[in-house]
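A quick write-up on the structure given underneath.
Everything numeric here is computed off the predicted structure, so don't read it as measured data. Just so it is clear: chains get the letters A, B, ... in the order the sequence lines come, proteins before strands, and each one is counted from 1.
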2 protein chains.
Amino acid sequence: MLKKPRGRPRAYDPDVALWQALETFWANGFSRTSLDALAEATGMNRPSLYAAFGDKKSLYLKSFECFAGQLRAALARTAQSDAPLDTTLREFFYEAIEIYMSGADGPRGCFIICTAPAEAAMDADIRAALKAALAEIDEGLEIPFAKAKAEGHLPPDADTAALARLAASVLHSLAVRARAGETKEALHTLARQSVQSLC
Amino acid sequence: MLKKPRGRPRAYDPDVALWQALETFWANGFSRTSLDALAEATGMNRPSLYAAFGDKKSLYLKSFECFAGQLRAALARTAQSDAPLDTTLREFFYEAIEIYMSGADGPRGCFIICTAPAEAAMDADIRAALKAALAEIDEGLEIPFAKAKAEGHLPPDADTAALARLAASVLHSLAVRARAGETKEALHTLARQSVQSLC
DNA sequence: ATGATTTTTTGCGAATTGGTACAAAATGTT
DNA sequence: AACATTTTGTACCAATTCGCAAAAAATCAT
C-alpha cells in the first residue's frame, strides 16, 4: 500500500534532521546558530532546509516543540509513577540531570530554559512558546503532589499547585546550573535536598 | 587638583554608556545585539565603543559585571536585614521581581539568568561568569538562613546551604518566568509561597 | 519518450556584522 | 605657534548572514 511518491527521493530523514538541528540550537542558542551550522549538522543545503522546515525561526520553534515533546513524555511518566512522592520526584530530577549533563562538547542544560529566554524579550513567538512550556511543567509536576495528597501522604491543606511550582523552580535552576558548569554531584545534591524540603 | 586631561574631551560618561549597553544586551541577549544597536543606545560610534570598552564580548562581560554588582548590593542588604527571615526573604524576592518586570518594552527578567545561558555552552568566559554569579547568589542567600538558625528561628539541624540553594532556585525561576511573560501577581504568589515553604 | 512532480545543487544577492585605519577635532604643554 | 595627546567621525573592509531563483537530478505517471 505504500506508494512510492513521485519526484527525486529525499536524501534525509526529517525526524533525524530535526533532531540534528535541535542539537545545534541547544548548544548555540537561536541567534548564535547560523544557517551554515544547521546545514552542516544536518548535511542539507540551505534551500533544502528552507523547503523542509521553513525559515530559521520556524526550525527553531519546531526544535523547541520536539524538545517539549520529550519533556511532556517525562512528565507523563512521572504522573503515572506508583512510587512514593519523594522517589518519584527524585527520579524525575535525576532523569532531567542526565539530559542536562549530556552533550558532545559538555553540559547543555535544558534546551528550553537555556536558549529561549535570550530571545523571549524581543520575539513574541518564542516568548509564548516558553511561557506555555513553563505552564506545562507546573501542571505536570502538580499531578504527583495531588496524588500524594489524595493518598494521605501530604497534609490535607497542602497547596499542591504551590509545591509543584517550587519543584518546577528547582528544575529551572538545575537547567541553568548544568549549563554554567556545576558538577553532576552538586546537581544531584540540590535535587535530593529539594525533594526533602518538598515532601 | 583635578587636572584637565589633554586631548579632546569625552562626549559620553562611561558609567552611563555602560548602563545603556547593559540595557541593550539585557533586552536582546549577547548574540542578537549588534554593534549598531549598541552604538545607537549609547550615542557613540563604533570606534569609540571599542576604544572605551574593548570588543563586543568585553562590553558584554563588563555589563554582566555591572549587573552582578547590583545583585551583590541587594544580597548585602538582605544579609544585613534585622527583619525576621521570612520577611527578609520575601522582600528580597519582591525587589528582584521589580527589577525583572522593569523594561521599556516589557519584562526582561534577570540579565544574568536570561542572557548568559544561551552563550555559556560555547563561550568559556561567559560560562565562568555565570557560574561565579550563581555561586554568589547561593552564598549570599545562605547568610540570612544562618542568622535565623543562630537565633533559634530554624531547627538546629537545618541545612542552611541547602535552604539557600533552594531559595536561589526560586530566584532563577522568577527570572525566567518574568521574561516569559508571567504576571507580577503570579511571581509574587510564587515568592510568597516559596518563603512559606522555606521558613 | 514525454510530461509532471519533488528534491537537490549551484550560484547569487542584498544586507548585516564586527572590527579597523586614518584624518579631523579638541584639548593641554612647551 | 607648534607639538603632543586624546577622542571623535568617516569611510572602509572582509566575512558572514539569511534567503532565494533557477537549473539539474531523480523519480512516477501516461
**Request:** Identify whether any heavy atom of Thr33(A) sits under 4.0 Å from a base atom; if not, whether one sits that close to sugar-phosphate; answer base, sugar-phosphate or nothing.
**Result:** sugar-phosphate
**Request:** Report the distance from atom CG of Leu35(A) to atom P of dG13(C), rounded to the nearest whole Å.
**Result:** 19 Å
**Straight-line distance of Asp13(A) CG to Thr42(A) OG1, nearest 0.5 Å** = 12.0 Å
**Asked** For the side chain of Asp36(A), counting heavy atoms from C-beta on, which of dC18(D), dT17(D), dT27(D) is nearest?
**Response** dT17(D)
**Request:** Test for a donor-acceptor pair under 3.5 Å between the base of dA29(D) and the side chain of Arg6(A), counting only N and O atoms.
**Result:** no
**Request:** Output yes when a side-chain donor or acceptor of Lys149(A) lies under 3.5 Å from a complementary backbone atom of Pro156(A), and no otherwise.
**Result:** yes
**Value in whole Å for how far the P atom of dG18(C) lies from CZ of Arg32(A)** = 12 Å
**Item:** Proximity to the side chain of Pro47(A) - top-ranked nucleotide from dA25(C), dA21(D), dC18(D)
**Value:** dA21(D)
**Message:** Check the phosphate of dT7(D) against Ser48(B), side-chain N and O only, distance under 4.0 Å to OP1 or OP2. Yes or no?
**Reply:** no
**Prompt:** Looking for any heavy atom pair under 4.0 Å, which part of the strands does Ser34(A) touch: base, sugar-phosphate only, or nothing?
**Reply:** sugar-phosphate
**Prompt:** When the nearest nucleotide of DNA chain C is assigned to Ser31(B) and to Arg8(B) on a heavy-atom basis, which residue is associated with the more 5' position?
**Reply:** Ser31(B)
**Fill in**
Between Gly7(B) and Tyr12(B), whichever has its closest DNA chain D nucleotide further toward 5' is Gly7(B)
**Asked** Does Lys56(B) count as lying over the ring of Phe30(B), i.e. NZ or CZ under 6.0 Å from the six-ring centre, within 45 degrees of the axis?
**Response** yes
**Message:** Using whole Å, what does the distance between atom C1' of nucleotide dT16(C) and atom NZ of Lys56(B) come to?
**Reply:** 11 Å
**Prompt:** Atom CG of Leu59(A) to atom P of dG19(D): distance rounded to whole Å?
**Reply:** 11 Å
**Asked** How close or far is atom C1' of dT9(C) from atom OH of Tyr50(A), stated in whole angstroms?
**Response** 17 Å
**Request:** Write down the distance between CE (Met44(B)) and P (dG19(C)), rounded to a whole number of angstrom.
**Result:** 15 Å
**Message:** What's the closest nucleotide to the side chain of Asn45(A) if the choices are dT9(C), dG9(D), dG19(C)?
**Reply:** dT9(C)
**Request:** Give a yes/no on whether any side-chain N or O of Arg10(A) is located under 4.0 angstrom from OP1 or OP2 of dT7(C).
**Result:** yes
**Request:** Take atom CZ of Arg46(B) and atom P of dC13(D), then tell me their distance rounded to the nearest Å.
**Result:** 14 Å
**Prompt:** Are more than 12 heavy atoms from other residues, nucleotides or ligands located less than 6.0 Å from atom CG of Asp82(A)?
**Reply:** no
**Message:** Suppose we call two aromatic rings close when their centres sit under 6.0 Å apart. Are Tyr60(A) and Phe111(A) close by that rule?
**Reply:** yes
**Prompt:** To the nearest angstrom, how far is Leu49(A) atom CG from dT10(C) atom C1'?
**Reply:** 16 Å
